[in-house]
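Chain naming here is simple, since letters A, B, ... match the order of the sequence lines and numbering starts at 1 in each.
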2 protein chains.
Amino acid sequence: MQIDNISRVRNFGRSVAVEIGALEDSFLDRGRPLGAARVLNAIGLGYQNLSELRTILKLDTGLLSRLLRSLEAEGLIETNPNPADKRSRVTRLTEAGEKEFGIYEQLSNERAANILERHKDARRLLDAMDIVTVALSRENIVFEEMDYTSDLATKCLNAFAAELSKRLKVEFDLKKSGDPGLSQMKQPLGTFVVARLGDFPVGCVGVKGNGGALAEIKRMWIAPAARGLGLAHQLMTSAEKAACALGIKTLRLDTNSTLFEAISLYRKMGWTEIDRFNDDPYPDVFFEKHL
Amino acid sequence: MQIDNISRVRNFGRSVAVEIGALEDSFLDRGRPLGAARVLNAIGLGYQNLSELRTILKLDTGLLSRLLRSLEAEGLIETNPNPADKRSRVTRLTEAGEKEFGIYEQLSNERAANILERHKDARRLLDAMDIVTVALSRENIVFEEMDYTSDLATKCLNAFAAELSKRLKVEFDLKKSGDPGLSQMKQPLGTFVVARLGDFPVGCVGVKGNGGALAEIKRMWIAPAARGLGLAHQLMTSAEKAACALGIKTLRLDTNSTLFEAISLYRKMGWTEIDRFNDDPYPDVFFEKHL
DNA sequence: GCATTTATCTGACTTTAGTCAGATAAATCG
DNA sequence: CGATTTATCTGACTAAAGTCAGATAAATGC
């Protein structure tokens with residue numbers, strides 16, 4: 001059985017390697033060697049100082065230097081001393097470089113679109129890809145306090161509302177759900193924590209305070225692709241930590257019995273069930289934890 | 001939305017590329033260049049004649065020749081003229097080569113196991129990987145008539161029984177299900193068709209005949225990872241074709257109303273619903289098609 | 001201020017990968 | 001049988017990738 005699972009992973013690797021090889025081949029069509037193309041793309045993606053480039057591309061100082069020289073000769077990049085530390089240097093795309101980078105982006109997009117077009121309904125495939133993506137790069141997930149109006153936070157909140165609607169089998173309306181006071185999930189009263197993988201939101205949680213010792217946990221959500229990784233635990237931990245930093249002594253939360261995974265987590269993390277403390281229509285289970 | 005989907009695919013590609021790169025790096029630790037390692041592995045996997053090796057590894061005649069020479073010099077392979085056509089040559093691993101190939105296999109297995117070990121419950125990840133594997137290499141799926149006692153067919157039949165048990169919410173027992181006559185799904189009375197991707201079974205269907213003009217379709221199953229690709233349609237087509245070749249004029253089948261995807265397919269493919277033609281406990285819908 | 005460290009560059013070099021034009025030998029075609 | 005085709009090999013070459021030992025200049029430590 002274990003051996004069988006290993007061969008499933010290896011079959012997966014083989015089939016994906018073919019796609020990746022094809023993408024790299026298409027990069028060669030731009031006339032420049034793969035090494036130079038990779039550097040150009042990394043710069044386009046925002047890796048601009050040389051040491052960073054060396055790390056992510058695993059290049060020797062000499063090799064990177066020469067590749068940069070060749071891109072400069074093509075007029076695609078410009079390298080200047082870093083004003084903050086003139087030993088080191090930063091590089092950036094010229095206008096021509098931006099254009100060339102755009103063409104590589106186009107090639108990548110076409111390859112990706114091509115995969116999707118081979119499927120009438122690609123939803124299943126995309127969901128599967130997300131699960132793999134998150135699983136393989138879970139160590140790159142970062143937890144950040146950010147404003148709940150930010151782009152990432154908004155995506156989380158919308159996904160949260162959509163899922164709750166589905167799970168509770170009613171049209172869940174964020175405005176009706178008993179906290180018009182989103183602004184209380186903002187420094188200095190409270191906070192909002194987002195877990196993200198690059199630009200992809202994978203989870204969120206809000207701490208809604210009122211300046212006193214008692215605050216509420218709201219809007220705990222984990223992206224479907226990111227479940228089963230223990231992310232909720234990490235997210236709750238960082239929310240509790242952030243609450244502590246705000247001087248909060250006791251946290252409360254309400255939830256719905258449909259959300260059984262969450263409830264089991266709260267118990268595991270030392271929360272205790274308490275009596276109903278509000279008259280919102282959606283929640284039917286209530287918890288409390290002293291920090 | 002479409003743009004968002006493309007970036008999901010690209011994020012996926014990036015995260016998997018890292019894993020694949022790491023595997024190739026670990027191959028380099030064996031001291032020999034990647035080109036030679038790839039040839040050795042391809043030979044170990046059974047690609048033994050040179051033209052085949054050139055095709056799958058996309059190598060120039062000269063380059064492959066030299067790589068083989070270097071593996072020979074290491075004593076890992078042995079190349080001999082093909083007795084059937086002495087212009088061409090076949091190569092195979094020596095004992096030392098088998099051993100070295102085993103080490104590469106070990107490295108690959110460890111990488112794969114390592115991914116699985118990072119997950120308490122890897123089932124979700126494995127299922128997702130299977131979906132991606134099948135989707136990306138669907139053009140490599142082959143349909144083959146084979147004996148229902150073969151290894152692949154047995155895997156299909158077991159999976160079929162397991163799933164039916166789950167869908168019908170009863171313990172489904174193949175022996176009770178109204179066809180002790182598995183032997184009728186065998187030439188010359190009938191046949192059994194398996195769809196596979198390499199060594200992985202992705203679907204099956206049986207034609208159970210009795211030498212007359214009337215036969216039955218049995219055991220139609222598609223692996224969960226392979227659903228939504230139109231595989232069932234292809235499978236049914238090949239079953240009908242095989243039935244024709246056996247001189248069968250009319251096909252019947254029974255099924256259960258729980259299996260709604262299958263039922264919708266039968267209608268689409270020109271089957272018409274008919275009255276119950278047996279008294280098996282499980283089926284409750286019956287179809288017929290004149291070939 | 002001077003030695004040391006850090007970040008990068010350059011030149012010289014090796015290895016790996018890839019290309020191409022014959023050479024060779026077996027098979028095939030007419 | 002002789003011409004042609006097919007499969008592979010070899011030599012000669014180029015391009016790309018990777019390594020390493022200084023050189024240089026800015027920053028840092030004492």
Side-chain angles (χ1 to χ4, degrees), chain A residues 17 20-22 24-43 47-74 76-92 104, chain B residues 17 20-22 24-43 47-74 76-92 104:
Chain A
I20 289 171
E24 295 196 332
D25 283 351
S26 79
F27 272 27
L28 284 176
D29 292 346
R30 294 297 306 157
R32 104 186 26 85
L34 203 55
R38 278 220 289 265
V39 172
L40 182 69
N41 277 286
I43 298 169
Y47 298 96
Q48 305 205 316
N49 61 64
L50 304 206
S51 58
E52 216 180 348
L53 281 169
R54 276 201 308 274
T55 316
I56 69 142
L57 298 173
K58 286 179 200 146
L59 292 174
D60 171 86
T61 55
L63 187 44
L64 175 62
S65 186
R66 252 175 287 269
L67 291 171
L68 290 173
R69 241 36 76 221
S70 86
L71 290 171
E72 269 170 4
E74 283 193 86
L76 301 176
I77 62 167
E78 219 177 70
T79 311
N80 296 300
N82 179 350
D85 180 345
K86 284 176 198 150
R87 283 173 304 181
S88 68
R89 311 184 71 196
V90 286
T91 186
R92 58 181 197 77
Y104 282 111
Chain B
I20 289 172
E24 294 195 334
D25 284 352
S26 78
F27 272 28
L28 284 176
D29 291 345
R30 294 300 303 158
R32 88 184 46 78
L34 204 55
R38 278 222 289 266
V39 173
L40 183 69
N41 277 286
I43 298 169
Y47 298 96
Q48 305 205 315
N49 62 64
L50 303 206
S51 58
E52 217 180 349
L53 281 169
R54 276 201 308 274
T55 316
I56 69 141
L57 298 173
K58 286 181 200 144
L59 291 175
D60 170 88
T61 55
L63 187 46
L64 175 62
S65 186
R66 251 176 289 269
L67 291 171
L68 290 173
R69 239 38 74 221
S70 86
L71 291 170
E72 269 170 5
E74 283 193 87
L76 302 176
I77 62 166
E78 217 177 70
T79 312
N80 296 301
N82 179 349
D85 178 347
K86 285 175 198 152
R87 284 172 303 182
S88 67
R89 311 185 69 195
V90 286
T91 187
R92 58 184 195 76
Y104 282 111

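Here D:dT8 presents its P atom at 14 Å from CD of B:Gln48, a figure rounded to the nearest Å. Atoms CG (A:Leu57) and P (D:dA17) sit 12 Å apart, rounded to a whole Å. Atom CG of A:Leu50 and atom C1' of D:dT24 are 15 Å apart (whole Å). Between the CZ atom of B:Arg69 and the C1' atom of D:dC9 there is a distance of 7 Å, rounded to whole Å. When the P atom of D:dT10 is taken as reference, atom CG of B:Leu64 falls 12 Å away, rounded to whole Å. The CG-P distance, from A:Asp85 to C:dT5, rounds to 17 Å in whole Å. Distance A:Arg87 CZ to C:dA7 C1': 7 Å, rounded to the nearest Å. Between the CG atom of B:Asn80 and the P atom of D:dT8 there is a distance of 13 Å, rounded to whole Å.
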Checklist outcome for this item: Letter by letter from the 5' end, nucleotides 12-21 of chain C scores (B base, S sugar-phosphate only, - none; protein heavy atoms under 4.0 Å) B---SSBBB-

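Look at A:Arg54 and you'll find a side-chain N or O under 4.0 angstrom from OP1 or OP2 of C:dT8.
Separation of atoms CD1 (B:Ile77) and CG (B:Leu71) is listed at 4.5 Å; rounding is to 0.5 Å.
Only one option out of A:Val39, A:Leu50, A:Leu68 pairs with A:Leu59 in a side chain to side chain contact (heavy atoms under 4.5 Å, CB included); it is A:Val39. The one candidate from B:Asn49, B:Leu53, B:Asp85 that meets the side chain to side chain contact (heavy atoms under 4.5 Å, CB included) condition with B:Val90 is B:Asn49.
The number of heavy-atom neighbours closer than 6.0 Å to OH of A:Tyr104, taken from other residues, nucleotides and ligands shown, is above 12.
Residue A:Arg32 comes nearest to A:Ala37 through the heavy atom pair CG-N, 4.0 Å, listed as atom of the first residue, atom of the second, then distance.
Here the side chain of B:Thr91 pairs no donor or acceptor atom with the backbone of B:Gln48 at under 3.5 angstrom.
Counting any heavy atom pair closer than 4.0 Å across all strands shown, B:Ser65 reaches a base atom.
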